[in-house]
2 protein chains.
Amino acid sequence: MNKTAFKNKFSPNGPSFQPLYKQVEDHVRQLIIEQRWKLGEVLPNEFKLAEEFNVSQGTVRKALNCLTEANVLERKQGVGTFISEHTEKNALYRFFPLVPDEGETELPSSEVLSLSIQITPKKVAEDLHLKANEEVIYLARKREVKGEICILEDIYLPVKYFKGFVDEPEIPDTLYHFYQTKYLHSVQETSDKIKAVLASTEDAKLLGINENDPLLMFTRVAKTLDGKLIEYRQTRCRSDNYHYLVNLN
Amino acid sequence: MNKTAFKNKFSPNGPSFQPLYKQVEDHVRQLIIEQRWKLGEVLPNEFKLAEEFNVSQGTVRKALNCLTEANVLERKQGVGTFISEHTEKNALYRFFPLVPDEGETELPSSEVLSLSIQITPKKVAEDLHLKANEEVIYLARKREVKGEICILEDIYLPVKYFKGFVDEPEIPDTLYHFYQTKYLHSVQETSDKIKAVLASTEDAKLLGINENDPLLMFTRVAKTLDGKLIEYRQTRCRSDNYHYLVNLN
DNA sequence: TAGTGGTCTAGACCACATT
DNA sequence: ATGTGGTCTAGACCACTAC
């Protein structure tokens, strides 16, 4: 680890000040992107990393804690430091803010309606920064909880990131875990745009509701640790017994 | 500051382990609740607080940084530590996630439609934990951006926390700043439940849209630093040119 | 018992804002 | 020039987990 961070006064036109722990943080993030450690494997402890990077253990600690806050790493006292994993359980709480008005949240089961390679719709290409000639995998699903279909999803994945996806014999419910383990793309951040819309004839039919009933519509773009935009998702969902929950502070 | 935190082994049935910095954090939070420092006033620096609490400066630092992350405090290098304030600018970004599909976010202007004391609706009493005989102030507003009315709000405030509110000659746009400066209630945390609904006849009229057009409906409960539930708010808003934005990570 | 992360301290120095 | 928060280091010890 290079310690020029504090020599800005000797290079006033150089890059702006970056604290050492930030440099360590970026470096570790880069090592994760480069797959230096396997999923589920324990990272070296603070002293070993400190030695490798030629900084103090305290600086490594600060960097690792920052990565933990950003949900990149998970640390367990007495055990070690691990790369954060998309399990079914944390999928529910981290990226699925749809909760029933009454009772416990549960993960909806999924049924694939359609899976194919398509010309990329203009809006999708725009939001995923795809070129005109790049194709996408199109996956449509309907999802149900307690026997009631409540969610319809149209999912678009750039072909370049998901080679062979259309030939998958089985698409699991928890897609982000699947992306992470099978395709080595770990969703790090999502952005949802939420609107209210009226149910189309087709959606109404699939959901078992009336045309022009109100639906929540989310448009999501998902980004990986290394900044790749790997998923565009448009979700319509009933909100008569569910709501989208947002806590701010 | 009492340092029994690390003597748990001597009181195995005592309270569970609390690190010193957490104790300092809670203590400072309590001091803020008790109005020890005025809004806008600078807090004592780390060394002075450390001396007062009989802990090291590093421990105070950790506590203050935790409070900063929780948006309770704001720290400015070279200046000092302050109690976080609800300004017009941060109101926009912290508690107003409604953004236009195109262009910059701006704060909608507000017009009061109604202001009175009312019997508390059952749902409001439930969510704000009010007793049956406690009354609320009811405030209805319509809000517009660029000449277009896009938001209707029904706001309910417990009378006990907002004495004299109905006689206010002027209700400003940024309510949370108003609550904080005039009534000394600082909103710390909100919880929004979002649904899609159809516009009622009345809402449609006020918004200048058709009955049964789709609207986003948020139901919000706002909580202060000391855990008081001070506001119930039901918002309906057009989402044809706006969306509710949620970033997860 | 050994090894991990978590806490606490003390001290030196840097970056930033104000006077 | 002064005072604030921010960074970095080094070392001691505590709490938790696994073996």
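The chains referred to below are lettered A, B, ... by the order of the sequence lines, with proteins before strands, and numbering in each begins at 1.
The stretch residues 74-90 of chain B comes close to DNA chain D through R75(B), K76(B), Q77(B), G78(B), V79(B), G80(B), T81(B), each having a heavy atom under 4.0 Å from the strand. The stretch residues 28-48 of chain A comes close to DNA chain C through N45(A), E46(A), K48(A), each having a heavy atom under 4.0 Å from the strand.
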Full working for side-chain contact (heavy atoms from CB on, under 4.5 Å) between I151(A) and L98(A): CA-CA 10 Å; I151(A) 300 175; L98(A) 200 69; 3.7 Å; yes
Steps toward side-chain contact (heavy atoms from CB on, under 4.5 Å) verdict (L73(A), I32(A)): CA-CA 10 Å; L73(A) 296 176; I32(A) 294 170; 3.8 Å; yes
Derivation and outcome, side-chain contact (heavy atoms from CB on, under 4.5 Å), residues R141(B) and L175(B): CA-CA 11 Å; R141(B) 303 197 298 178; L175(B) 283 180; 3.7 Å; yes
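A perpendicular orientation is assigned to the rings of F178(A) and F165(A), their planes being inclined by more than 60° (bins at 30° and 60°).
Atom-to-atom distance recorded for L128(A):CG and K228(A):NZ is 13.5 Å, nearest 0.5 angstrom. Rounded to the nearest 0.5 angstrom, E104(A) CD and L92(A) CG are separated by 10.0 Å.
On a pure distance criterion of 3.5 Å, no polar donor-acceptor pair joins the side chain of R61(A) and the base of dG5(C).
Taking atom CD on Q57(B) and atom C1' on dG3(D), their separation rounds to 14 Å, with Å as the unit. Straight-line distance from the CG atom of L73(B) to the P atom of dT4(D): 16 Å, rounded to whole Å. In this structure, the OH atom of Y21(A) is 12 Å from the C1' atom of dG5(D), given to the nearest Å. The nearest whole Å value for the distance from the CZ atom in F53(A) to the P atom in dC8(D) is 14 Å. Atoms NZ (K22(B)) and C1' (dC14(D)) sit 18 Å apart, rounded to a whole Å. Atoms CD (Q23(B)) and C1' (dT7(C)) sit 12 Å apart, rounded to a whole Å. Protein atom NZ of K62(B) is 14 Å distant from nucleotide atom C1' of dT9(C), rounded to whole Å. Computed from coordinates, the L64(A) CG to dT4(C) P distance equals 13 Å when rounded to whole Å.
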Dot-bracket line, read 5' to 3' along DNA chain C, where crossing pairs take [ ] and | marks a partner on another strand, Watson-Crick or G-U under 3.5 Å: ||||||||||||||||||.
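A salt bridge links E231(A) with R233(A): the closest approach of a Lys/Arg side-chain nitrogen to an acidic carboxylate oxygen falls below 4.0 angstrom.
Contact annotation: T59(A) does not reach the phosphate of dT7(D) (side-chain N/O to OP1 or OP2, under 4.0 Å).
Within the 4.5 Å cutoff, no side-chain heavy atoms of V246(B) are placed close to those of F218(A). Side-chain atoms of Y176(B) and R94(B), non-hydrogen and from C-beta on, never get closer than 4.5 Å to each other.
Side-chain atoms of N65(A) lie closest to dG6(C) of the nucleotides dG6(C), dT7(D), dC8(C).
For the residue pair Q57(B) and E46(B), a side-chain donor N or O sits within less than 3.5 Å of a side-chain acceptor on the partner. Using modelled atom types, one finds a donor on one side chain and an acceptor on the other under 3.5 Å when comparing S186(B) with Q180(B).
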